[in-house]
Peer 1: 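Structure incoming, see below.
Start at 1 and go down the list; that is how both ligands and their atoms are numbered.
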Amino acid sequence: MTNIRSFSAKPEDLNKIQFEITVASPGRINLIGEHTDYNDGFVFPTAIDKKVILKFRKNQTDYFCRIYSETYQKGFEFHLDKPIEKGQGWENYILGVVQEILNLGAKPAGFDCLIESKLPVGAGISSSAALECGMAGGINALFELGLSNLEIVKLSQKAENNFVGSNCGIMDQYASVMSKKGHIIKLDCQNLEAKYIPADLQNCKLLLLNTNVTHNLADSDYNSRREECEAAVKIIQKEYPEIGSLRDLSFEKLKNFRNKLAAKMYDRCLYVLKENERVLAAAEQLKSGNLKSFGELMYASHEGLQNKYEVSCPELDFLVDHSRDKDFIYGSRMMGGGFGGCTINLIEEDEIETYIKEVSAAYFEKYNIKLDAISVSPDQGTEIFKN
Ligand code: GLA
């Protein structure tokens, strides 16, 4: 008999009994530094003020676990002492985390968990990382397992790699757990050294525009980009064995491979090297308050993602292009894995309302799709409350 049983009616007792732990687990944005995390590069993300809320309580059993999502109005149950099999869709983020916790040798017991999400799925703001890290943080707190925040980050990433099958880097989980309110993290993914830079955006705000499209092969295309980078590193290693990842590669050395790497592979590498440089430059511009220069780096990042890394899509390009002649928008780019999801825009606060109306109308006229605008602020990573 299978271990995972899905149901749709909310078990009545979940409404009544008090929960012991509440976790507020945020989504993330990334200001610049895309597809660099799994290449040991730099990223510039932060958690946002939009979160998944998870409530936990022990249910006095040894192994029986019950999860219910208010958002999907669906739930599922499973036993910790039976093999953790794959479930459907969102269930796997949770089951993957449970599996990774068990793999660490930790011994949680039976629990109930109620989930409510304020994060749009598929928008590229990492609702999946929020779910994983919130689940891991909640189980850790409920059973006092003693896992550190970094262990929670890493096991949540592993859950996504091993159980969900997306070969993601560490950025989303790191940002969801480790962010500090009002700051952006300059994260070096090679050694996980993090610098927290105050997000002084002056008269500007960060506005996400959700294309509401997800192009089919998003997961497999994402994985294949990662494979291309790893294959390039293998070729480069034949001449430079000391190069462990694209992070170790200089522009000068890369040039020697102009004719030894397939043209697309070369472009991918060139993009990654340039994007790493842009992250470092952008962090400096933010520190010195040069938001216009910061914005130009965002546009350059998009250009690279569109033409060299080829992970954008017409809808994202349309939104970025639409922003170009507006002097109240300093920068715009696709955000996250790509192939759909959001653009992130650095825009003067006073203009936001008018712009949302204008760009939504233009987008609808072009694609017949409703655009969603989400205004976000840099916020605290995972917060855990004991009731
Ligand atoms: C997704 C992945 C991250 C990162 C971004 C692209 O969000 O989960 O690890 O690779 O795409 O920057």
Peer 1: Any Lys/Arg nitrogen of E284 or K287 sitting under 4.0 Å from an Asp/Glu carboxylate oxygen of the other?
Peer 2: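 Judged by the 4.0 Å cut-off on N to carboxylate O distance, E284 and K287 do form a salt bridge.
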Peer 1: Among all protein heavy atoms, pick out the one at the shortest distance from atom 5 (C) of ligand 1; state its residue, atom name and that distance to 0.1 Å.
Peer 2: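 The protein heavy atom lying closest is M171 CE, 3.8 Å.
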Peer 1: Could you tell me whether Q157 approaches ligand 1 through its side chain, its backbone, both or neither, with non-hydrogen atoms closer than 4.0 Å?
Peer 2: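 The answer is neither.
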Peer 1: Provide the number and element of each atom of ligand 1 under 4.0 Å from a heavy atom of Y38.
Peer 2: 10 (O)
Peer 1: In the protein, what heavy atom is nearest to atom 3 (C) of ligand 1, and what distance, to one decimal place, separates them?
Peer 2: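 Heavy-atom neighbour on the protein nearest atom 3 (C) of ligand 1: D37 OD2, 3.3 Å.
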Peer 1: Check the surroundings of atom NZ in K10: do more than 12 heavy atoms from other residues, nucleotides or ligands lie under 6.0 Å from it?
Peer 2: yes
Peer 1: Decide, yes or no, whether a salt bridge links R278 with E275 under the criterion of side-chain N to carboxylate O below 4.0 Å.
Peer 2: yes
Peer 1: Does the ring center of Y38 lie less than 6.0 Å from the ring center of Y222?
Peer 2: yes
Peer 1: Do NZ/NE/NH1/NH2 and the carboxylate oxygens of K264 and D267 come within less than 4.0 Å?
Peer 2: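 D267 and K264: not salt-bridged.
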Peer 1: How long is the straight-line distance from CD of E349 back to OG of S375, given to the nearest 0.5 Å?
Peer 2: 7.5 Å
Peer 1: Return yes or no for this condition: an N or O of H35 is under 3.5 Å from an N or O of ligand 1.
Peer 2: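 Yes, there is a polar N/O contact under 3.5 Å.
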Peer 1: Of all the non-hydrogen atoms in the protein, which one sits nearest to atom 8 (O) of ligand 1, and at what distance?
Peer 2: D172 OD2, 2.6 Å
Peer 1: If Ile, Leu, Val, Met, Phe, Trp and Tyr residues are connected whenever their side-chain heavy atoms lie under 4.5 Å apart, and connections chain through other members, are W90 and F56 in the same group?
Peer 2: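 Yes, because W90 and F56 connect within a single hydrophobic cluster, where side-chain heavy atoms sit under 4.5 Å apart.
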Peer 1: Among all protein heavy atoms, pick out the one at the shortest distance from atom 10 (O) of ligand 1; state its residue, atom name and that distance to 0.1 Å.
Peer 2: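 Ranked first by proximity to atom 10 (O) of ligand 1 is Y222 OH, 2.6 Å.
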Peer 1: Could you say whether the N/O atoms of G336 and ligand 1 ever approach to under 3.5 Å?
Peer 2: no
Peer 1: Non-hydrogen atoms of R28 versus ligand 1: any pair closer than 4.0 Å?
Peer 2: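 The answer is yes: ligand 1 sits under 4.0 Å from a heavy atom of R28.
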